[in-house]
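These notes concern the structure reproduced below.
Just so you know, these numbers come straight off a predicted model, no measurement behind them.
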Amino acid sequence: MREVRVRFAPSPTGALHIGGIRTALYNYLLARKYNGTMILRIEDTDQTRYVPGAEAYIVESLAWAGIKIDEGVGVGGPYAPYRQSERNSLYKTYAQKLVDEGHAYYAFDTEQDLEEMRKRTPNAQYDSVTRLQMKNSLTLTGSEVDQKLSMNEKHVIRLKISGKEEIQLTDLIRGSIRVQSSQIDDKVLMKSDGMPTYHLANVVDDYLMKISHVIRGEEWLPSAPLHVLLYRYLGWENDMPQFVHLPLLLKPDGNGKLSKRDADKMGFPIFPLNWQDPESGHVAIGYRETGYLPEALINFLAFLGWNPGTEQELFSMEQLIEAFTLERIGKAGARFDIQKAQWFNQHYLRSKPDDVLIGYLNDSLKKENIDCSQEKAKKIVAIMKERVTFPKDFWEQGKFFFIAPDSFDEQVATKKWNNDAVKVLTAFSSEIKSMNNLNAETAKETLEMVTSKLGIKTGQILQSLRMSITGGASGPDLMMTMEILGNAEVGNRIHFAIETLKVKVT
RNA sequence: GGUCUGUUCGUCUAACGGUUAGGACACCAGAUUUUCAUUCUGGUAAUAGGGGUUCGAUUCCCCUACGGACUACCA
């Protein structure tokens, strides 16, 4: 088998989309599986869409996701440079070669010329029939062309595609694909600004960089036959890479491919990391900042369009590399389901060692300027562990350990808060006041003692107790919560609740 | 509109002609938890439709329907 060399080749036009991470991941898995090389190439040939910071963002995103680059932007390598804007002379050389050999030609048409041509015929394209009516080196005389070129008139170089040729290509996911060359237009290879288009740059670089597999999104499938033609005209058909067009990521609901709009609308991230738009200054929150662990995101993404064929669903990167095969990538687009991502995250988060989890809580506390003993943090993490999905949940769902509630859950306050509850809580708080060691066990004993004395069922008032201590209607084990808080704090909170809510008792 | 491409539970998917069509997420129910959650157990739920081929089609072929991508001097 040919040496595996794959590339992830995004263009720096903004933040990398989550789908881009998946594409990079599949490339990476194949490279690692076969001891190949993972290359990062930046396709920055569109100067009008260049966004500063986007390249650094891509590099950082991949690093965070655990996708290591062996060669390319940021690390260098034998085929440098890996930024297309720095490889322009190469593209020019090959474009010229194509012109010289009659596979490409100069075109001088203005935007209006093109517009008129398109209006003339339905489904118009610049091709073997329409090019005869346009201003190009096929219709103009040699001296006219020379004159225009020497006067530096604006022009592009177009690929000359014959009208009747069948192009066959094999996609490793979709099998054999046949297209008639008459369906393809004479694509621009070199733009009038002197930069190559994607098609030329891509083919030239993939060839020169000895790419073995082109693994990219399905949106490229329609132009794959064009690329085959380019390889053919350039004389590189025998070294052509294998094509692998990945199914797209689709909207969670409705139709179409996943977009930033959907993500915003449904409240989940679309970018791996926070991204500040340089123009608007608006910050889009990333997976990292939301609290997704890279291993969870990777596991989730890997399964969007691929599966190992077994019932195992939890895979580390190493295990993915081991199990990955191109053959098991699906054909149909995969709907994006953030709930599944959350489930993966929950799983990976809970399987972290306790000291890591304590670290998460401490991170939040530091931000809030709250001191907390290691012992207390340890106890909190122990009882919160089974309830969290994101690292910040330790703080967000456990705030009450540090801040006494100033308001109370309305449902509980109206439905459960009654004379019995107040009676029990009053008695309970005066019982524990004198205790010097309130722990989960003694708290439970005391509570049971109080309720049985008053002839009230503990279950009846438990939610009121919780509410008065935490403000909320749900939370971790109440007895442990009281142990962590200590008897003085528990007593204070009960008093505050009784004071605040007594008006509602009739 | 044209070209290419796809279609199994709500979602991700398994089943490379023969299965009671399997798993996971989500959802629902029961048990545990003297609350919520966790955990455990169970459950609802799918081969887009129509023709072929075949002893037998989720699986192969055709048509229809419905999606998706592309259709720029953007990638």
Send over the distance from [X] [atom1] to [N] [atom2], rounded to a whole Å.
{"X": "A/Q346", "N": "B/rA24", "atom1": "CD", "atom2": "C1'", "result": "14 Å"}
{"X": "A/F300", "N": "B/rA26", "atom1": "CZ", "atom2": "P", "result": "12 Å"}
{"X": "A/L249", "N": "B/rU11", "atom1": "CG", "atom2": "P", "result": "15 Å"}
{"X": "A/N345", "N": "B/rA26", "atom1": "CG", "atom2": "P", "result": "13 Å"}
{"X": "A/R328", "N": "B/rC16", "atom1": "CZ", "atom2": "C1'", "result": "9 Å"}
{"X": "A/Q168", "N": "B/rU5", "atom1": "CD", "atom2": "P", "result": "11 Å"}
{"X": "A/I329", "N": "B/rC12", "atom1": "CD1", "atom2": "P", "result": "17 Å"}
{"X": "A/F303", "N": "B/rA14", "atom1": "CZ", "atom2": "P", "result": "11 Å"}

Please tell me whether [X] and [Y] have a donor and an acceptor in their side chains that are separated by less than 3.5 angstrom.
{"X": "A/Q460", "Y": "A/D420", "answer": "no"}
{"X": "A/D44", "Y": "A/S85", "answer": "yes"}
{"X": "A/N136", "Y": "A/Y106", "answer": "no"}

A/A332 or A/N123, whichever maps to the more 5' nucleotide of RNA chain B
A/N123
If you assign A/Q339 and A/G309 each to the RNA chain B nucleotide with the nearest heavy atom, which residue ends up on the more 5' nucleotide?
A/G309
Mind checking if [X] touches a base, just sugar-phosphate, or nothing, with heavy atoms under 4.0 Å?
{"X": "A/K340", "result": "base"}
{"X": "A/G305", "result": "sugar-phosphate"}
{"X": "A/R216", "result": "nothing"}

Interatomic distance at [atom1], [N] relative to [M], whole Å:
{"N": "B/rA21", "M": "B/rC40", "atom1": "C1'", "answer": "27 Å"}
{"N": "B/rU47", "M": "B/rU38", "atom1": "C1'", "answer": "36 Å"}
{"N": "B/rA45", "M": "B/rU8", "atom1": "C1'", "answer": "12 Å"}
{"N": "B/rC12", "M": "B/rU54", "atom1": "P", "answer": "35 Å"}
{"N": "B/rG22", "M": "B/rU58", "atom1": "C1'", "answer": "13 Å"}
{"N": "B/rA15", "M": "B/rA75", "atom1": "P", "answer": "39 Å"}
{"N": "B/rC25", "M": "B/rA46", "atom1": "C1'", "answer": "16 Å"}
{"N": "B/rA24", "M": "B/rU35", "atom1": "P", "answer": "28 Å"}

Less than 6.0 angstrom separating the ring centers of A/Y292 and A/F344, yes or no?
no
Cation over ring face, [X] and [Y], 6.0 Å, 45°:
{"X": "A/K392", "Y": "A/F390", "value": "yes"}
{"X": "A/R158", "Y": "A/Y126", "value": "yes"}
{"X": "A/K148", "Y": "A/F108", "value": "yes"}

Per-pair distances, 0.1 Å, donor-acceptor, side chain in residues 421-428 of chain A, under 3.5 Å, sequence neighbours excluded:
unit_1	atom_1	unit_2	atom_2	d
A/T426	OG1	A/V422	O	2.5

With both distances under 3.5 Å as the test, what is the Watson-Crick or G-U wobble partner of [N]?
{"N": "B/rG10", "result": "B/rC25"}
{"N": "B/rC55", "result": "B/rG18"}
{"N": "B/rA69", "result": "B/rU3"}
{"N": "B/rU35", "result": "none"}

Anything under 30° is parallel, anything over 60° is perpendicular, the rest tilted; go ahead and classify A/Y57 against A/W275.
perpendicular
Parallel, tilted or perpendicular: which describes the rings of A/H103 and A/Y233, with under 30° parallel and over 60° perpendicular?
parallel
Summarise protein proximity over nucleotides 34-45 of chain B in one line of letters, 5' to 3': B for base, S for sugar-phosphate only, - for none, counting protein heavy atoms closer than 4.0 Å.
BBBBS-------
Each nucleotide in nucleotides 63-75 of chain B should get exactly one letter: B, S or -. Can you fill that in based on protein heavy atoms under 4.0 Å?
----SSSS--BBB
Would you find a donor on one side and an acceptor on the other, under 3.5 Å apart, between the side chain of A/D127 and the backbone of A/G163?
no
